[in-house]
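Note sheet for the following structure.
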Amino acid sequence: MNQTKEKQLNPAQTEAVHHTEGPCLTIAGPGSGKTSVITARVEFLIRSHHVDPSHILVITFTRAAATEMKQRFLEQCGRKTTGVYFGTFHALFFMILRQAYGYQGTDIVQEEKKREILKEIISRFPSLEYEDEADFLSDLVREISLVKNDEIPLEHYYSTTCPEHVFREIFAAYQNALVSQRRLDFDDMMIYCKELLVQRQDILKKWQERFLYLLVDEFQDINKLQYEIVRLLAGKRQNLFIVGDDDQSIYQFRGARPKLMLEFPKDYPDCHKITLDINYRCSKNILEAAGRLIKQNQIRFPKHLKTVKEEGKPVVYQVFSNPKEEQEYVLSMLTSAVKNGSEYRDFAILYRTRLQPRRLAERLMDDRIPFVMKDFLPNIYDHWISRDFLTYFRVAHGSRKRKDILQIINRPNRYIKREYLDEAEISFEDLIELYEEQHQDWMGDRIEEFLEHMAFLERLSPYSGIHFILHGIGYEIYVKEAAKRRKLSEEDLFEIIDEIMDAAKEYPTYEEWLAHIEQYRQELEEQQKKEPSSRSTEENAVTLMTMHSAKGLEFQNVILIDANEEITPHKKSVSEAEIEEERRMFYVAMTRAKQELYIFSVQERFDKELEISRFVKESRRELPEGQKAQQKTLDGKIYSQRILAKPTGSGLKKGDRIVHRRFGEGIVREAEDGKALVVFDRTGQKVALNLEYCLAKGIISVLS
């Protein structure tokens, strides 16, 4: 390795680069130069240790990362070509299978084809119920991948997507389809590769002699099958150099198992352990805040990162009344920063779930602020619940198309027979007459009621109309029944409804709402037409992405929105292991920032009070309850930075009747210290409320 590059390395990096024989665990904190270490070590092995380049294998998780690493190696060495193999796990496994079995690239089943096969299979199950085919197929794909990656015996796997016996039949039919066509999917590559290397010692020996030195990047993201194959290839030489950060393991939902990295020293007791503990990315304030957060995790390698950068600006923590206020502040903040010389590309807005930025994206479009999205943003108006609402409105405004009537006539169930709706245009007069001929006059009454509902709905605004569809027509009951049938979260479905209603508030008429939906659809499609390579900081645009997708990237300034309990950590994360992964995700998000970090929370969303995320409290030096901090002013607007105080007494008592904006009337069953348990008449649902807050915001009113 040349002397100039040698001098640029810190002592820990130099130690990692100079490691030659035997296993080595290199723990690389965020921004610690792990890619430089890997490429420098490859160069060192070739130049100073005289290793044939073709005997070196460098594995990473994405094609883009492998390409970037190869390019950096070539630039670093001043070479035009290299015999070193830089590739992904899947590329490596396919190369092994191709040489053994003669597979071609066309034999690999891509995601679109996989869905096509599954779609044909589920058509064989006429009694199988699901609301949205795309969602159902996505769930099937995820579960099939989980079974394969974790090598779970099919008879011991219990599906959350459909009945167990049905899932097992679908799984078997899917595998039979692949085998009959002599094709394989990406998960099969790992299974077949492991089977080949275990059963054919001659082939294993050949690959062990080909790759004498193995370097694995992002090791914290490895799964069980991948690790087993890597260990087989490393063999008795054990020249296995792994680089990763257990604190950045955030892909358990894809099968990643962080414990594999934590237990590496047990598998290789003689392994050399190095920690890259100097961060070259973040300011001191950002790194210290992130450090305070991640130290709350119990299952991790202990480490203390240092930075070469100055203290920098303090991390900004701010709480807004609601998402709208938060969005207004973000827009004003971006506009003000650009006026003062910054560029849009200097900012990234990160969030926990893909659906979170929907309203913010709409606001950015309205204000003509350029942005790019790395993730696919689901169009909420494509959700089956949205489609039902829009169809109700179309029918109310005169549509009698068979497709529209079929979609909603039994949502909720009115027991109208599909075979009676056999014309392209439906005549309700003829339908009533048909039921009268069958001596089922009561069905005529139901149809008349439906028509009365449509006449009333036609006069309502989108927001009021959706409320009427839910509670007046009874669609709310249908949603609950659908959730039970499909094993969906009822709470998740009602959050979708809340999102739709929140968007509808802005538009006084159905026509204006429809025009907005079409414009939003077109602009969203334009966003998603962009090639992934163009969704980068090279374009002068604000970057929007999930915390998951931000891993491995860095930005001058980062804004984390909606840092609230049930959002981050996500409400589905209940076990300690799940909370620790959520904390790691927040840590990853924080450490993307180089100069400035903003962490925003809201007090309420959809008329529901939210708690500030525990991660905010854990990363701050202190979080005094009840304190109201200095107000922030931007472009003449005032935004309060405040921490919620504990509520005091509300004056309400057990037995009082109230009406809630969302749940309707109910009775207070318990009341103490400003908190109350309320049972609502319509649903029988028990809800815990902060009464003082709800009264102050007008969310509830006292009836007695």
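Values in this document were obtained by computation on a predicted structure and should not be read as measured data.
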4.5 Å side-chain heavy-atom contact, Phe186 and Asn149: no

Scanning both residues in full, the closest heavy-atom pair of Arg592 with Gly552 reads NH1-N, 3.3 Å

Start with the C-alpha gap between Ile469 and Phe389, add the side-chain angles, then the distance that decides, and say whether side chain to side chain contact (heavy atoms under 4.5 Å, CB included) holds. CA-CA 8 Å; Ile469 293 168; Phe389 287 154; 3.9 Å; yes

Looking only at heavy atoms, the pair that brings Leu204 and Leu233 closest together is CD1-N, 4.4 Å

Glu506/Arg359 salt bridge by N-O under 4.0 Å criterion: yes

Using atom types as modelled and distance alone, determine if a side-chain donor or acceptor of Glu425 lies under 3.5 Å from a backbone N or O of Arg402. no

So do Asn379 and Glu525 actually touch side chain to side chain, heavy atoms under 4.5 Å? no

Which pairs pass salt bridge (charged side-chain N to carboxylate O under 4.0 Å, His left out) with one or both residues in residues 560-569, sequence neighbours excluded? Glu565-Arg614, Glu566-Lys608

Using salt bridge (Lys or Arg N to Asp or Glu O under 4.0 Å), reason through Lys551 and Glu218 one step at a time and then give a plain yes or no. CA-CA 11 Å; Lys551 186 170 171 290; Glu218 302 284 8; 2.9 Å; yes

Is there a salt bridge (Lys or Arg N to Asp or Glu O under 4.0 Å) between Asp188 and Arg183 once you walk through the steps? CA-CA 9 Å; Asp188 290 331; Arg183 305 184 77 176; over 6 Å; no

Within the supplied structure, the quantity of interest is the number of heavy atoms (other residues, nucleotides, ligands) at a distance under 6.0 Å from Arg521 CZ; does it exceed 12? yes

Among all residues two or more places apart in sequence or in another chain, which pass the ring pair (Phe, Tyr, Trp, His ring centres under 6.0 Å) test with Tyr587? none

Would you call Glu228 and Arg231 a salt bridge, using N to O less than 4.0 angstrom? no

Under the side chain to side chain contact (heavy atoms under 4.5 Å, CB included) criterion, do Gln407 and Arg387 qualify, and how do the steps go? CA-CA 9 Å; Gln407 182 165 333; Arg387 294 201 302 267; 3.5 Å; yes

Check whether any side-chain N or O of Ser249 sits under 3.5 Å from a backbone N or O of Gln220 as a donor-acceptor pair, and report yes or no. yes

Should the heavy atoms of other residues, nucleotides or ligands under 6.0 Å from NZ of Lys70 be counted, would the total exceed 12? no

With sequence neighbours excluded, what pairs up with Tyr157 under the ring pair (Phe, Tyr, Trp, His ring centres under 6.0 Å) test? Phe167

CD-NZ distance between Gln226 and Lys194, expressed to the nearest 0.5 angstrom: 12.5 Å

According to the interplanar angle, ranging from 0 to 90°, do the rings of Phe615 and Phe586 count as parallel (below 30°), tilted (30 to 60°) or perpendicular (above 60°)? tilted

Test: Arg394 and Asp404 ion pair at under 4.0 Å: yes

Going by the angle between their ring planes, with limits at 30° and 60°, are Tyr381 and Tyr520 parallel, tilted or perpendicular? perpendicular

List the atom of Met261, the atom of Asp245, and the distance in Å for their closest heavy-atom pair. CE-N, 3.8 Å

Between Arg368 and Glu523, is the closest basic N to carboxylate O distance under 4.0 Å? yes

For Arg400, does the CZ atom sit with more than 12 other heavy atoms under 6.0 Å from it, leaving out its own atoms? yes

Between Ser180 (side chain only) and Asn176 (backbone N and O only), is there a donor and an acceptor less than 3.5 Å apart? yes

Say whether, by atom type as modelled, one donor and one acceptor occur between the side chain of Ser386 and the main chain of Ile380 under 3.5 angstrom. yes

Just wondering, are more than 12 heavy atoms of other shown residues or ligands nearer than 6.0 Å to CD1 in Ile191? yes

In sequence, state the C-alpha distance, the side-chain angles, and the governing distance for Glu495 and Lys571, and then conclude on salt bridge (Lys or Arg N to Asp or Glu O under 4.0 Å). CA-CA 12 Å; Glu495 275 202 13; Lys571 62 188 175 186; 3.0 Å; yes

Sub-3.5 Å donor-acceptor pair from the side chain of Gln99 to the main-chain atoms of Ile96, do we have one? no

More than 12 foreign heavy atoms under 6.0 Å from CD of Glu112: is that the case here? no

Set out, in order, the CA-CA distance, both residues' side-chain angles and the distance that settles side chain to side chain donor-acceptor pair (under 3.5 Å) for Tyr475 and Asp388, then state yes or no. CA-CA 9 Å; Tyr475 186 80; Asp388 284 354; 2.6 Å; yes

Would you mind reporting whether Trp207 and Ile229 have side-chain heavy atoms less than 4.5 Å apart? no

Using only atom types and a distance under 3.5 Å, with no angle test, would you say the side chain of Glu578 pairs donor to acceptor with the backbone of Ser575? yes

So do Arg584 and Pro258 actually touch side chain to side chain, heavy atoms under 4.5 Å? yes

Heavy-atom side-chain proximity of Thr88 to Phe94 below 4.5 angstrom: no

Could you tell me which non-hydrogen atom of Phe86 sits nearest to which non-hydrogen atom of Ala66, and how far apart they are? CB-O, 4.0 Å

Parallel, tilted or perpendicular: which describes the rings of Phe93 and Phe89, with under 30° parallel and over 60° perpendicular? tilted

Does NZ belonging to Lys403 count more than 12 external heavy atoms closer than 6.0 Å? no

Can a cation-pi geometry be assigned to Arg182 and Tyr103, taking NZ or CZ under 6.0 Å from the six-membered ring centre and within 45° of the ring axis? yes

Check: Ser573/Glu582 side-chain N/O donor and acceptor closer than 3.5 Å: yes

Would you mind checking if Glu499 and Arg358 are paired as a salt bridge, meaning a charged N to carboxylate O distance below 4.0 Å? yes

Does the side chain of Glu490 reach to within under 4.5 Å of the side chain of Lys484, using non-hydrogen atoms? no

Identify which one of Lys113, Arg115, Lys148 satisfies the salt bridge (Lys or Arg N to Asp or Glu O under 4.0 Å) criterion when paired with Asp185. Lys148

Taking every heavy atom of Tyr478 against every heavy atom of Pro412, the minimum-distance pair comes out as CB-CA, 4.0 Å

How far apart are the closest heavy atoms of Met547 and Ala589, and which atoms are they? CG-CB, 3.8 Å

